There are 2 protein chains.
Amino acid sequence: MDQTPENDLRIAHSHTTLRELVVEKMRQAIISGRFDGGDRLVERTLCDQLGVSRSVVREAIRYLEAEGLVETLARSGPVVAKLDWNGARQIYEIRRLLEAEAAAACARVADAAVKARLCDALAALESAFQDAAPHKLYAATTDFYQVIFTSARHNIAWEVVQRLNGRISRLRALTLATTNRRVSGPAHMARICAAICDNAPEAAAEAVRNHLVDAAEIARTLLESPP
Amino acid sequence: MDQTPENDLRIAHSHTTLRELVVEKMRQAIISGRFDGGDRLVERTLCDQLGVSRSVVREAIRYLEAEGLVETLARSGPVVAKLDWNGARQIYEIRRLLEAEAAAACARVADAAVKARLCDALAALESAFQDAAPHKLYAATTDFYQVIFTSARHNIAWEVVQRLNGRISRLRALTLATTNRRVSGPAHMARICAAICDNAPEAAAEAVRNHLVDAAEIARTLLESPP
DNA sequence: GACCGTAAGGTGGTATACCATATGATTGCA
DNA sequence: TGCAATCATATGGTATACCACCTTACGGTC
């Protein structure tokens, strides 16, 4: 049932609901650290801050709850989920499994078009590293992996990874900002890209694993250092 | 609020929140096939069937939407997510990765208590196989894996697997009911249990992989044969 | 100082109203 | 008759008011 009305005069209006906007706002607020782990999410306060009604806020909270960014305590209400090293460690391990598999699959099926898109993404990534713009870097990293996952046709794994990344996003932002990471990061990415362009699945998987071991190590030092 | 207790979808008020009950009811309705893939979820109809207000239904839908069991189409509203073999295949592959890793980790750390719990779960599983009670079998299988994941301290991976299982639950119910599976299933499980009791990580991982390859194969034949 | 009652603030839940849009039926005009 | 405009209905999205219940903090009483 694909109806793509090219000659439709109507403006393609995105039809983003308020709810989606609020979900995105709140997700960003949690990611950016504006809402800290453990903070209570008081419905009516959020209504005021966001300028929307309770319905919208409550539904957005339910969505984020299912995503794992928010947890609702019985008889107390929703709070921002807290992240400890135990949780982060598990997430990095899951990412290691899924991303290594995706990179290997991508290396197996990558044709010229995929390689070109990947190299573009890598170039954007390196450019973002140069600019030292955190949000650009974040977006570029996401793009790079998205190319890998989608071209490997691992779109459900990509969903999983994105959701997990939401839960460690503060951490990712921190690791991306770390000097150490700023040096080793692009090198890892370049190796991953090279392995895929060589259609070398095992090398690609290994490069991904190395990257994530490093990232997890930086995350650990950040999390275990005094709050 | 009229109360006609003959309606079997009507939820029983209790200590947990209405929202959670509704989420569970709807999840079960989707899993059991009462709501089929592609079916529209009309809010006001659900309100009548469940005997709750729109707010509760809408929040439950948001939760299931984030879980991937429901998707909301623009200008049309929520529908039950459809499952094709491509999606199911990916989910089985992700499960293969996560469950193999969890089984290996469990085998590494399993002490007498863990082994006892695992053997208990296996016994319950085999008993459920004998009874040929689908829902018991389903629950027993879940319990068995839960012991593995929780004792390996892979609770986030367990969350992920549970959510993914929700999306292929109809399929799981079918595979569990298949005779073929009824024969090979417990054998696989017994091998997994034995490997863990031997503290043999690689053997445990391999047993899990074999189990899932079989399950995926059965699922494929079920999905690709016209209903 | 301990205890109890009350008030405030919060969530959970419900009912209702309003608007925008999609869809199908109906009506009216050529 | 046929087509088009219009109307009605269904439905989702949003806002608002209200109630019940729980928790917490405060303050008064013993």
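Remember, it's a predicted structure, so these values are computed and weren't measured experimentally. The chains referred to below are lettered A, B, ... by the order of the sequence lines, with proteins before strands, and numbering in each begins at 1.
Between B:R58 and D:dT11, a side-chain N or O to OP1/OP2 separation shorter than 4.0 Å is absent.
A:T17 comes within contact range of the sugar-phosphate backbone alone, with a heavy-atom separation under 4.0 Å but no base atom that close.
Residues A:F149 and A:C106 form no side-chain contact, since every pair of their non-hydrogen atoms from C-beta on lies 4.5 Å or further apart. Side-chain contact between B:V22 and B:L46 is absent, with no heavy-atom pair separated by less than 4.5 Å. Residues B:L21 and B:E24 are not in side-chain contact: their nearest non-hydrogen atoms beyond the backbone lie 4.5 Å or more apart.
Atom CG of B:L18 and atom P of C:dG12 are 11 Å apart (whole Å). Regarding B:E43, its CD atom lies at a distance of 14 Å from the P atom of C:dT14, rounded to whole Å. The CG atom of B:L46 sits 12 Å away from the C1' atom of D:dT11 (whole-angstrom rounding). In this entry the distance linking CG of B:D48 with C1' of C:dT14 reads 14 Å, nearest Å. Nucleotide C:dG12 holds its P atom 19 Å from the CG atom of B:L50, rounded to whole Å. Atom CD of B:E59 is separated from atom C1' of D:dG13 by 14 Å (rounded to the nearest Å). Per the geometry, CG belonging to B:L41 stands 19 Å off P belonging to D:dA10, to the nearest Å. Atom CZ of B:R40 is separated from atom P of C:dT21 by 16 Å (rounded to the nearest Å).
Ion pairing between A:E67 and A:R27 holds under the 4.0 Å rule for side-chain N and carboxylate O. Between B:R62 and B:E59 there is no salt bridge, since no side-chain nitrogen of the basic residue lies less than 4.0 Å from a carboxylate oxygen of the acidic one.
Annotation: B:R153, atom CZ; neighbour count of heavy atoms from other residues, nucleotides and ligands within 6.0 Å does not exceed 12.
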Set out, line by line, the N/O atom pairs under 3.5 Å between protein and nucleotides 17-26 of chain D.
| from | atom 1 | to | atom 2 | distance (Å) |
| --- | --- | --- | --- | --- |
| D:dT23 | OP1 | A:R75 | NE | 3.2 |

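Taking the six-membered ring where the residue is Trp, B:H211 and B:Y145 present parallel rings, their angle staying beneath 30° rather than reaching 60°.
Between the side chain of B:S53 and the base of C:dA15, no donor-acceptor pair of N or O atoms lies under 3.5 Å.
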